[in-house]
Amino acid sequence: MPTVDRPYDIVLFGATGFAGRLTAEYLAHHAPVGLRWAIAGRSKDKLDAMRAELLAIDPLTDVAVAIADVGDDTSIRALAAATRVLVTTVGPYVLYGNGVVAACADAGTDYVDL
């Protein structure tokens, strides 16, 4: 499936948790110019606060916010379809990963977890 027309190169799902926060901060410090990326999770308020923190690290960081919940299959499928690579830190994966993996497989999206 073609992925060039997707809005994001990378989506980090679970960005406000411990591992997600570390990963987001790393991306803010090291993302190449032009990377189209987003942080994703359940809470818009938490994600907006995290986005502000990432902009403090690098004001030129172009990071978007996406809302998705592992309990909402439609939101997970939309998230997977919107990116070339979905990185998830939402665990434990045995409980919360199957729907994300399935959505990525169906959308032709690369999947990464810890």
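A 4.5 Å side-chain heavy-atom check between Val87 and Tyr111 finds every atom pair outside the cut-off. Side chains of Arg51 and Val65 form a contact here, defined as non-hydrogen atoms less than 4.5 Å apart. Counting only heavy atoms from C-beta outward, the side chains of Leu54 and Ile39 approach each other to under 4.5 Å. In this structure, the side chains of Glu25 and Ile57 come closer than 4.5 Å at one or more pairs of heavy atoms.
Nearest heavy-atom pair across Val11 and Ala40 is CG1-CB, 3.7 Å. Closest heavy-atom contact between Ala24 and Met50: CB-SD, 4.1 Å. Across every non-hydrogen atom of Ala15 and Thr89, the tightest pair is N-OG1, 4.5 Å. Minimum interatomic distance between Ala103 and Ile76 (heavy atoms only, all atoms of both residues): CB-CG2, 3.7 Å. The two residues Pro7 and Ala82 have their closest heavy-atom pair at CD-O, 3.2 Å.
Residue Leu35 holds its CG atom at 7.0 Å from CG of Leu27, rounded to the nearest 0.5 Å. Interatomic distance, OG of Ser43 versus CG of Asp48, reported as 8.5 Å (0.5 Å rounding). The CD atom of Glu53 sits 10.0 Å away from atom OG1 of Thr16, with the distance rounded to the nearest 0.5 Å. For the atom pair CG of Leu12 and CG of Leu22, the computed distance is 10.5 Å after rounding to the nearest 0.5 Å.
Between Asp106 and Arg77, at least one side-chain N (NZ, or NE/NH1/NH2) sits under 4.0 Å from a carboxylate O, which counts as a salt bridge.
Connection of Ile67 to Val63 is established within a shared hydrophobic cluster, with ILVMFWY side chains joined at heavy-atom distances below 4.5 Å, either directly or through further cluster members. In this structure, Val90 is a member of the same hydrophobic cluster as Leu114, with clusters built from ILVMFWY side-chain heavy atoms closer than 4.5 Å.
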Stepwise side-chain contact (heavy atoms from CB on, under 4.5 Å) check, Asp58 with His29: CA-CA 7 Å; Asp58 180 0; His29 282 290; over 6 Å; no

CA sep, side-chain torsions, deciding dist, call: Val100, Phe13, side-chain contact (heavy atoms from CB on, under 4.5 Å): CA-CA 10 Å; Val100 179; Phe13 183 45; 4.1 Å; yes

Pair Leu79-Leu86, side-chain contact (heavy atoms from CB on, under 4.5 Å): steps then yes or no: CA-CA 8 Å; Leu79 192 65; Leu86 193 144; 3.8 Å; yes

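More than 12 heavy-atom neighbours from other residues, nucleotides or ligands sit within 6.0 angstrom of CZ on Arg21.
Proximity of a side-chain donor or acceptor of Thr88 to a complementary backbone N or O of Asp113 within less than 3.5 Å is not detected. Remark: side-chain polar atoms of Asp9 are paired, donor with acceptor, to backbone N or O of Arg36 under 3.5 angstrom. Of the possible donor and acceptor atoms, none in the side chain of Thr109 sits under 3.5 Å from a partner among the backbone N and O of Arg84. Side-chain N or O atoms of Thr83 include one that pairs as donor or acceptor with a backbone N or O of Val85 at under 3.5 Å. Remark: side-chain polar atoms of Thr61 are not paired, donor with acceptor, to backbone N or O of Leu55 under 3.5 angstrom.
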